[in-house]
Enquirer: 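Take a look at the following structure, please.
Numbered from 1 within each chain, the chains take letters A, B, ... in sequence-line order. Every heavy atom of this structure was used, including side-chain atoms; hydrogens, water molecules and symmetry mates were not.
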Amino acid sequence: MEIWFNPSNAIESALSTIAAQTDGFGPEFIPGVRPADPRFGDYQANGVLAFAKRNQVNPRELAARLIAAAEASDAFDPKLVTLDIAGPGFINFTLTPAFLWQWQLAYSTKDDYQSGAKALRDGHKVIIDYPSANTAKQAHIGHLRPMVIGQAIARLLDFCGADMVRDNHIGDWGTNFGTLIMKIKRDAIDLSALGDDALITLDQLYKDGSALELEQPELRTISRNELVLLQQGDQVNTAIWEQIVEISKIAFEKLFVQMGVEVDITLGESFYRDKVQRVYDELTQIGLAEESDGALVVWHDEVKKFARDNERPYPFNIRKNDGASNYASTDLATVLYRLEEFKADEIIYLTDARQQDHFQQLFLTTEKWFKAKGYALPVMSHVFWGTILGSDKKPFKTKSGESIKLQELLDEARSRAFDVVTEKNPELDEAERREIAESVGIGAMKYADLSSNRTQDYVFSWDRLLSFEGNTAPYLLYAVARINSIFRKVSIDPEAPIEGASPLETETEIALARKLMGFVSALELTLNDLRPHFLCTYLYELASAYSSFNAADKVLVDDDAIKARRLLLCARTRTVLQTGLELLGIQPLERM
RNA sequence: GCACCCGUAGCUCAAUUGGAUAGAGCGCCUGACUACGAAUCAGGAGGUUGGGGGUUCAAGUCCCUCCGGGUGUACCA
């Protein structure tokens, strides 16, 4: 029997083969192997229960027959894996310490761990529609989740073999430009002279402009005209618009660098303004879009909410009644562009949960449109998350009604982490403490956002976001730092091969080895639903298993074989933790 | 009104999508540093999974119904 890299999959296929040759089972039998509660074993198969139910037979008897057949085959060496039956008909598989040890010897590097993951999205062209930010506005706390979740998902997909295009789909063609240009012209602002805080000034100009419109409604007409001029390509307004977009891009670039967000292309909504006409034409030509109240819309009768005869009409409005494009028009044009330009196999959208209707309509429309035209339809998914709420359970605002600025949040994270580092490690020089604080502070913030199920809303709290104890980034970073410390002490490169190790013995060694093996399953689970908290949970459990091992079993003992074995476990743990942290966008540290 | 989402320990969250005795962290209580790093470890208390009914070998998870909260409801993105 070979040492399976991915035991869950290996057991699943072995059982399928065996069942096909065993009386009482049919081809429709699915073993249903999954990681089990460690109290019962490493993996469990519970497909026998469902199968027995469908076929009106005794599940325990059936399970016993399958186990007997499995044991008679050469697929399960009893020295490496044991099978037993439990409860109404579960089959439990327990890997022996001998298996766990051989697994550690067989698979050791990041590449080894990645080899299983690579198959998951091998060569897939995936476009990720990155955290889109509106131009001319400062990023606030609402931009935290898209950036954090987006980069983690992009790194995961990349690790799993996808060919990624990270597209920064900026909102650079909105109606807000009318107001902004009106105010800029009115105050004769020279945008090129604003300096470093240009975006803050723009932000203020927009707010002041909006306030002014409320006081003097006649200004709205002027703003609307400025927008029309811009859309018609007026030279002066286009120049102003270009400057505004440039200022915004520079400001966002600064944040992206701090947040570790990578961008491959930046194609804003303005890029698609000459591409929407084809959308109108094609959707009209295939009979999908029609006029309604002067607008061009698409109905989806199979969904009650979007059906034509719904008491409150809710079509997908793809062109406004004044003839202007909107969110839907550019999104449709964008899908087509991504197909034709990038040959996208998959497109992932990142927005909060409130936009689910939009994406449902977008996906339905694209599906029908592409089918009618014979275009290849990419897989489209909407990765959404809950809102960050204030203590009043409303979307988060400070007392003055403003959202916390993202920059302010990052600075607070660094500053809190710096205080803790200084308290714990006063002997380190300031530059190193700053570097550690960067990873700990920003890492803690990211991890807090990633470690809970993204679909839930959560209430904002500094302490929640910047906690350094328990299931947090610093806990994982600390485990890595301690491992590094051990290798430093004996002057051994943790990446180097380790020879002469003896097999696993203690309970904590075995528990750690067991946990190490689970990395690939954790990746699969995370990728399935694009929910990073599964990876966080796994990494936390691994770090916890390591901490227990570290407390129970001394690594640097006199016996060379025991020392080598424990150093090997340390090295493996380090590799998995570092790889996992990098996937989450958290920078591992040599010491902290 | 209609549609969708949510309600789990004092607090913040898990529970591999219907699997076995619902798990963690924080907080609280007991212990463990002349150290391979205590940002840690070992242990304890804490639950009628909002209430009620149903489906089945099995329900926090699925169905029905109440209660409480959130979101969306074409020409903002």
Enquirer: Can any side-chain N or O of D172(A) pair as donor or acceptor with the backbone N or O of E269(A) at less than 3.5 Å?
Expert: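 Judged by distance alone, yes, a pair lies under 3.5 Å.
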Enquirer: Quick one: the side chain of T175(A) and the base of rA77(B), do they pair up donor-acceptor inside 3.5 Å?
Expert: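 Donor-acceptor pair under 3.5 Å: no.
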Enquirer: Does a side-chain heavy-atom distance below 4.5 Å link H169(A) with D331(A)?
Expert: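 In contact.
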Enquirer: For K489(A) and rC36(B), is the shortest distance between a side-chain N/O and OP1 or OP2 below 4.0 Å?
Expert: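 Looking at the OP1 and OP2 atoms of rC36(B), neither is under 4.0 Å from any side-chain N or O of K489(A).
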Enquirer: Less than 6.0 angstrom separating the ring centers of F40(A) and F90(A), yes or no?
Expert: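 When the ring centroids of F40(A) and F90(A) are compared, they turn out to be at least 6.0 Å apart.
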Enquirer: Whether S485(A) contacts rC36(B) is assessed here as follows: a side-chain N or O lying under 4.0 Å from the phosphate OP1 or OP2. Is that the case?
Expert: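 For S485(A), the contact criterion (side-chain N or O under 4.0 Å from OP1 or OP2 of rC36(B)) is not met.
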Enquirer: Under 4.0 Å from OP1 or OP2 of rA3(B): is there any side-chain N or O of R312(A) that close?
Expert: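 No, no such contact exists.
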Enquirer: In the structure shown, which nucleotide is the Watson-Crick or G-U wobble counterpart of rU55(B), with both distances under 3.5 Å?
Expert: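 Its partner is none (no Watson-Crick or G-U wobble pair with both distances under 3.5 Å).
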Enquirer: Please work out if A353(A) contacts a base, only the sugar-phosphate, or nothing of the nucleic acid, heavy-atom cut-off 4.0 Å.
Expert: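 It contacts nothing in the nucleic acid.
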Enquirer: Look at the side chain of D357(A) and the base of rA3(B), then say whether one donor and one acceptor between them are separated by less than 3.5 Å.
Expert: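 No, no donor-acceptor pair under 3.5 Å.
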Enquirer: If anything within 90° of 0 is syn and all else is anti, what is rC33(B)?
Expert: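 rC33(B): syn glycosidic orientation.
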Enquirer: So, under a plain 3.5 Å distance rule, would you say the side chain of N425(A) forms a donor-acceptor pair with the base of rG37(B)?
Expert: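 Side chain to base: pair found, below 3.5 Å.
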Enquirer: Between the protein and nucleotides 20-25 of chain B, which nitrogen or oxygen pairs come in under 3.5 angstrom?
Expert:
{"from": "rA20(B)", "atom 1": "N7", "to": "Q44(A)", "atom 2": "NE2", "distance (Å)": "3.4"}
{"from": "rA20(B)", "atom 1": "N6", "to": "N92(A)", "atom 2": "OD1", "distance (Å)": "2.5"}
{"from": "rA20(B)", "atom 1": "N6", "to": "N92(A)", "atom 2": "ND2", "distance (Å)": "3.4"}
{"from": "rA20(B)", "atom 1": "N1", "to": "N92(A)", "atom 2": "ND2", "distance (Å)": "3.2"}

Enquirer: Run N6(A) and E524(A) through side chain to side chain donor-acceptor pair (under 3.5 Å) and show every step you take.
Expert: CA-CA 11 Å; N6(A) 185 338; E524(A) 279 184 3; 3.1 Å; yes
Enquirer: Are the side chains of T330(A) and F271(A) in contact, using a 4.5 Å heavy-atom criterion?
Expert: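 A side-chain contact is absent here, since even the closest heavy-atom pair is not under 4.5 Å.
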Enquirer: If we take the C1' atom in both rG7(B) and rU48(B), what is their distance in whole Å?
Expert: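 One C1' to the other, the span is 16 Å.
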Enquirer: Scan Q456(A) against the nucleic acid and name what it touches under 4.0 Å (heavy atoms): base, sugar-phosphate only, or nothing.
Expert: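 Counting heavy atoms under 4.0 Å across all strands, the contact made by Q456(A) is with sugar-phosphate only.
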Enquirer: On RNA chain B, does the nearest nucleotide to Q356(A) precede the nearest nucleotide to L49(A) from the 5' side, or the other way round? Give the residue.
Expert: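 Its nearest nucleotide being more 5', the pick is Q356(A).
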Enquirer: Both distances under 3.5 Å, Watson-Crick or G-U wobble: report the partner of rA39(B), or none.
Expert: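 Its partner: none found.
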Enquirer: Using only side-chain N and O atoms of Y475(A), determine if any of them is under 4.0 Å from OP1 or OP2 of rC41(B).
Expert: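 Yes, such a contact exists.
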Enquirer: Taking the nucleotide of RNA chain B with the closest heavy atom to each, which residue, E590(A) or R354(A), is nearer the 5' end?
Expert: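 Result of the comparison: E590(A).
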Enquirer: Report yes if a side-chain nitrogen or oxygen of R34(A) is closer than 4.0 Å to either non-bridging phosphate oxygen (OP1 or OP2) of rG19(B); otherwise report no.
Expert: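 For R34(A), the contact criterion (side-chain N or O under 4.0 Å from OP1 or OP2 of rG19(B)) is met.
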Enquirer: NA contact type, Y327(A), heavy-atom cut-off 4.0 Å: base, sugar-phosphate, or nothing?
Expert: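 Contact class for Y327(A): base.
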Enquirer: At under 4.0 Å between heavy atoms, what does R566(A) touch on the DNA or RNA strands: base, sugar-phosphate, or nothing?
Expert: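 No contact.
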Enquirer: Name the pairing partner of rU48(B), where a pair is Watson-Crick or G-U wobble with both distances under 3.5 Å, or state none.
Expert: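 Matched rU48(B) with nothing under the 3.5 Å cut-off.
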Enquirer: Let's test this: given Watson-Crick or G-U wobble pairing with both distances under 3.5 Å, identify the partner of rC4(B).
Expert: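 In the structure as shown, rC4(B) has rG70(B) as its Watson-Crick or wobble partner.
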Enquirer: According to a strict under-4.0 Å criterion, is H533(A) in side-chain N/O contact with OP1 or OP2 of rA15(B)?
Expert: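 For rA15(B), OP1/OP2 do have a side-chain N/O of H533(A) under 4.0 Å.
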Enquirer: Provide the Watson-Crick or G-U wobble partner of rG23(B), both distances under 3.5 Å; none if there is no partner.
Expert: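 By the stated definition (distances under 3.5 Å), rC13(B) pairs with rG23(B).
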Enquirer: Starting from C1' on rA38(B), measure out to CD on E423(A) and report it in whole angstrom.
Expert: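 Atom-to-atom, E423(A) to rA38(B), this comes out as 12 Å.
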